[in-house]
Trainee: 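Before anything else, here's the structure in question.
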Amino acid sequence: MTQAIHSSPVKVTGNADFIRWFDKIGIDDVPHVGGKNASLGEMIQRLTAKGVQVPTGFATTAYAYRYFIRQANLEEPLKELFANLDVEDVDALRHCGRQARILILETPFPHDLSGAIAQAYRQLCEQSRHPNIDVAVRSSATAEDLPDASFAGQQETYLNVHGIKGVLESCHKCFASLFTDRAISYRTLKGFDHFTIALSVGVQRMVRSDLATSGVMFSIDTETGFKNAALITAAYGLGENVVQGSVTPDEYLVFKPTLQQGYRPILKKRLGSKELKMIYDVGGSKLTKNVPVSETDRQRYALSDDEILTLARWACIIEDHYSQVRGLHSPMDIEWAKDGLTRELFIVQARPETVQSQKSESVLQTYHLQTDVKALTPLLEGQAVGEMIGQGQAKVIRSVQNIAEFQPGEVLITQRTDPDWEPIMKRASAIVTDQGGRTCHAAIIAREMGIPAIVGCGDATDVVQTGSPVTVSCAEGEVGKVYEGLLPFEVEKTAIDQVPSTRTQILMNVGNPEEAFRLAAIPCDGVGLARMEFIIANHIKAHPLALLQFDQIKDFEAKQEIAALTARYPHKPDYFVERLAHGIGTIAAAFYPKPVVIRLSDFKSNEYANLLGGVDFEPVEENPMIGWRGASRYTDPRYRDAFGLECKALGRVRHDMGLTNVIPMVPFCRTPAEGERVLAEMASYGLKRGEAGLQVYVMCEIPNNVVLAKEFSQIFDGFSIGSNDLTQLTLGLDRDSALVAHLFDERNAGVMETVRTVIERVKGCDRKIGICGQAPSDYPEFAQFLVEQGIDSISLNPDSVLKTTLTIADVEQKLNGR
């Protein structure tokens with residue numbers, strides 16, 4: 001493919017009522033060329049100058065379709081077919097659809113219509129300097145790509161079509177596909193009249209992604225509705241495999257606000273299995289075919305970082321344009337492709353996102369399993385779609401030919417779905433597939449129909465048995481889980497549009513980056529505590545020194561596991577830095593530009609030893625709770641290089657991603673001198689306090705932090721009270737010991753006096769002070785006490801934010817009334 005793909009063909013000299021060129025149509029032409037084609041024309045006209053590349057082509061018009069139907073006298077026979085159709089009767093639906101398609105396919109095009117299509121194709125070939133240019137032939141209905149109805153995949157698409165005969169046959173099949181079973185069912189479900197809708201056909205130059213990669217992207221997070229992220233999926237070959245869910249693609253997440261400021265904020269890269277790729281069937285009996293992908297290619301990402309960022313920028317440009325056109329925020333669902341000959345990226349479709357954009361922002365709906373899931377072993381895991389829970393008897397169906405067996409309320413278990421499955425998908429209580437990613441057909445339709453789904457499980461159709469009761473949970477983060485049995489669950493609905501504002505900053509404790517986008521919907525002023533060790537334990541899993549000194553690991557099994565985790569990283573410590581940066585960056589992005597306080601690692605030595613390879617690098621301590629932890633590690637020669645990896649990750653988040661709302665916090669800092677050494681070590685990695693707005697906080701969890709509050713205030717910008725450790729050390733007890741645990745109480749008079757004292761001293765030094773411990777979440781009276789002392793911020797567990805905010809607002813109102 002050459003750059004000539006962007007230039008405009010000469011105007012058709014035949015019947016212009018039948019043909020419109022993409023560069024002559026725009027978004028106002030949906031009634032004439034359907035949503036898909038109107039969008040292609042809009043982007044070619046308006047966005048090419050902004051760098052967005054879209055392959056050119058032409059469209060048959062809605063008039064052309066109606067002309068064909070009228071000339072062939074097909075309208076009355078078609079209406080008779082649909083007169084008494086019950087779309088819930090799958091067999092009747094199949095019969096009706098088949099007869100309608102036969103009527104259309106057995107009726108030839110009028111000569112003037114076929115002549116106009118042939119002439120337009122010849123002109124496209126002349127413009128491309130190729131006698132039989134390859135094209136994609138896509139259906140575009142006049143009632144598709146609406147903000148509240150996607151019509152995704154309802155009609156047919158044909159790839160690698162060439163020659164006048166092939167183009168005419170494909171256009172004819174597209175006309176007939178207005179009456180596919182799934183299209184008939186979907187229109188009925190959405191309340192559209194079958195005979196007020198017409199079909200346009202887009203004939204678009206092929207992008208040779210069969211020789212490269214392709215995929216789907218959304219300008220919004222598909223699961224949470226988080227507006228500031230672009231989600232990109234990618235696999236090898238033509239894009240139909242990603243759309244249909246035939247493969248599990250790579251997945252990338254990019255933060256839009258700082259991307260548009262010139263940064264490189266890739267928040268996540270998830271490797272997909274990418275088992276197959278669709279290519280041209282050269283010399284074969286079909287237009288395309290699927291072939292296996294080599295293990296080497298499967299184990300590498302399908303896109304480079306530069307390509308990921310380019311696509312994300314285009315997603316921003318496209319979203320911004322359509323938001324201006326429609327006068328409201330318009331998240332977009334976009335298909336892209338990379339040409340394997342020219343190595344260029346192209347946008348091949350763009351339509352409105354139809355699920356998250358329609359959700360109410362004033363009500364927060366949260367699903368909770370009412371059982372201890374830690375005690376359960378899931379039957380299956382995959383990518384969660386929809387933050388819901390569904391359950392019922394499982395029905396394993398491997399072929400669309402058997403969908404009539406499906407009963408309402410069952411859990412559909414299948415390899416993958418395509419639009420032919422839609423007549424039963426709306427009846428399912430949940431959907432589980434072997435294949436697919438978060439942008440595949442099963443995921444899109446499940447979201448639109450409000451059904452939880454888990455995709456890409458690998459072997460669901462083999463593991464789950466028909467008739468067995470199962471619970472499908474998509475309410476535990478990005479990983480969806482299928483449990484045996486019908487587990488009890490509840491749905492909590494909370495109005496969030498009337499939460500009062502408070503003088504005291506209400507912050508949130510956030511541990512899991514996978515939950516950050518969802519939690520960001522809860523009204524708050526930022527994050528008061530994000531634990532770095534959670535990211536290390538759950539997303540990295542390996543001890544940092546085991547990565548830095550890999551050859552010194554004695555545990556053979558641990559060494560093998562680390563080798564597998566770091567297989568794509570020639571320098572193993574880079575794995576730690578990238579994964580930690582992604583975790584921190586995701587939390588920071590979720591709440592941007594609000595402050596996000598990231599506590600530096602605070603494992604105890606016994607906890608570090610539990611990481612992969614950790615036992616070879618950790619001492620055995622009698623009381624690790626008050627041993628080698630926090631600040632004392634960071635400048636110790638035995639750990640300094642490991643701390644350097646944390647600094648590099650923080651630097652990547654602030655400097656490369658542009659997430660300067662991150663505030664690092666030093667835990668368990670025993671003396672001001674120790675704090676100064678830590679700050680100097682951070683500065684050696686480009687994290688110098690005061691530069692680029694960098695603030696550094698310190699945990700207040702040791703009595704010495706209270707006694708020397710003024711001295712600590714000279715070197716740190718703020719304090720956060722860790723009420724758990726401060727209570728433990730004030731009362732002189734080990735909260736993990738069952739023998740004295742009953743004495744642990746943050747409301748103890750001595751503890752409260754200690755808290756009062758440090759608030760007074762820190763505020764006297766004009767420094768910020770908040771609290772991130774458990775006490776305010778557990779005890780409303782403790783929260784009231786803190787407000788009365790004039791604390792600047794209170795960081796709460798997510799499930800306590802709304803309730804405690806109301807308590808704090810009430811306390812503040814009473815204090816103001818004194």
Trainee: Please give me the minimum heavy-atom distance between Phe712 and Asn704, naming the atom from each residue.
Mentor: CE1-O, 3.7 Å
Trainee: Taking atom CG of Leu507 and atom CD1 of Ile771, what is their separation to the nearest 0.5 Å?
Mentor: 11.5 Å
Trainee: Minimum heavy-atom separation for Leu303 to Leu311, with atom names?
Mentor: CD1-CD1, 3.7 Å
Trainee: Would one find more than 12 heavy atoms of other residues, nucleotides or ligands at under 6.0 Å from atom CD of Glu578?
Mentor: yes
Trainee: Determine the minimum heavy-atom distance between Arg270 and Tyr301, stating which atoms define it.
Mentor: C-CE2, 3.9 Å
Trainee: How close do Ser473 and Leu369 get, counting heavy atoms only, and between which atoms?
Mentor: OG-CD1, 3.8 Å
Trainee: Does NZ in Lys572 sit with more than 12 non-hydrogen atoms of other residues, nucleotides or ligands closer than 6.0 Å?
Mentor: yes
Trainee: List for me each residue that meets side chain to side chain donor-acceptor pair (under 3.5 Å) alongside Thr433, sequence neighbours excluded, and say none if there are none.
Mentor: none
Trainee: If I take atom CG from residue Leu650 and atom CG from residue Leu659, how far apart are they, to the nearest 0.5 angstrom?
Mentor: 11.5 Å
Trainee: Write out all pairs satisfying side-chain hydrogen bond (donor to acceptor under 3.5 Å, both in side chains) with one or both partners inside residues 606-620, taking only residues at least two apart or from two chains.
Mentor: His543-Glu618, Ser601-Tyr608, Tyr608-Tyr639, Glu618-Arg633
Trainee: Just so I know, are the side chains of Phe716 and Leu679 near enough to count as touching, which here means a heavy-atom distance under 4.5 Å?
Mentor: yes
Trainee: Do Phe617 and Gln549 come within less than 4.5 Å of each other through their side chains, counting heavy atoms only?
Mentor: yes
Trainee: Less than 4.5 Å apart, any side-chain heavy atom of Arg640 and any of Glu681?
Mentor: yes
Trainee: So does Glu295 have more than 12 non-hydrogen atoms from other groups sitting under 6.0 Å from CD?
Mentor: yes
Trainee: For Phe591 and Cys524, work out which heavy atoms get closest and say how close.
Mentor: CE2-SG, 3.7 Å
Trainee: Rounded at 0.5 Å granularity, tell me how far CG in Leu612 sits from CG in Leu565.
Mentor: 6.5 Å
Trainee: To the nearest 0.5 Å, what is the distance between CZ (Phe668) and CD (Glu674)?
Mentor: 9.5 Å
Trainee: In terms of ring plane angle, is the pair His539 and Phe534 parallel, tilted or perpendicular, where the classes change at 30° and 60°?
Mentor: tilted
Trainee: Please say which of Arg629, Lys541, Arg599 ends up in a salt bridge (charged side-chain N to carboxylate O under 4.0 Å, His left out) with Glu533.
Mentor: Arg599
Trainee: Out of curiosity, Lys256 NZ to Leu267 CG, how far, rounded to the nearest 0.5 Å?
Mentor: 12.0 Å
Trainee: Would you give the length of the straight line joining atom CZ of Arg568 to atom OH of Tyr575, rounded to the nearest 0.5 angstrom?
Mentor: 9.0 Å
Trainee: Looking at side-chain heavy atoms only, is the closest gap between Leu580 and Leu645 below 4.5 Å?
Mentor: no
Trainee: Residues in side chain to side chain donor-acceptor pair (under 3.5 Å) with Lys269, at least two apart?
Mentor: Asp305
Trainee: Are Gln435 and Val247 close enough that some pair of their side-chain heavy atoms sits under 4.5 Å apart?
Mentor: no
Trainee: Is it the case that more than 12 heavy atoms not belonging to Lys481 sit under 6.0 Å from its NZ atom?
Mentor: yes
Trainee: Any side-chain heavy atom of Leu731 within less than 4.5 Å of one from Leu743?
Mentor: no
Trainee: With sequence neighbours left out, what residues match Glu621 under side chain to side chain donor-acceptor pair (under 3.5 Å)?
Mentor: Ser605
Trainee: Minimum heavy-atom separation for Val696 to Arg689, with atom names?
Mentor: CG2-CB, 4.2 Å
Trainee: Not counting sequence neighbours, which residues clear salt bridge (charged side-chain N to carboxylate O under 4.0 Å, His left out) with Asp250? List them please.
Mentor: Lys274
Trainee: Side-chain contact, heavy-atom cut-off 4.5 Å: Val758 with Asn705?
Mentor: no
Trainee: Applying salt bridge (charged side-chain N to carboxylate O under 4.0 Å, His left out), run through Asp574 and Lys648 and close with a yes or a no.
Mentor: CA-CA 9 Å; Asp574 291 344; Lys648 288 179 180 179; over 6 Å; no
Trainee: Identify the residue among Thr727, Leu733, Leu726 that makes a side chain to side chain contact (heavy atoms under 4.5 Å, CB included) with Thr730.
Mentor: Leu726
Trainee: We want to know whether Glu646 and Tyr634 form a side-chain donor-acceptor pair, criterion being a heavy-atom distance below 3.5 angstrom.
Mentor: no
Trainee: Side chain to side chain donor-acceptor pair (under 3.5 Å) with Glu676: which residues, sequence neighbours excluded?
Mentor: none
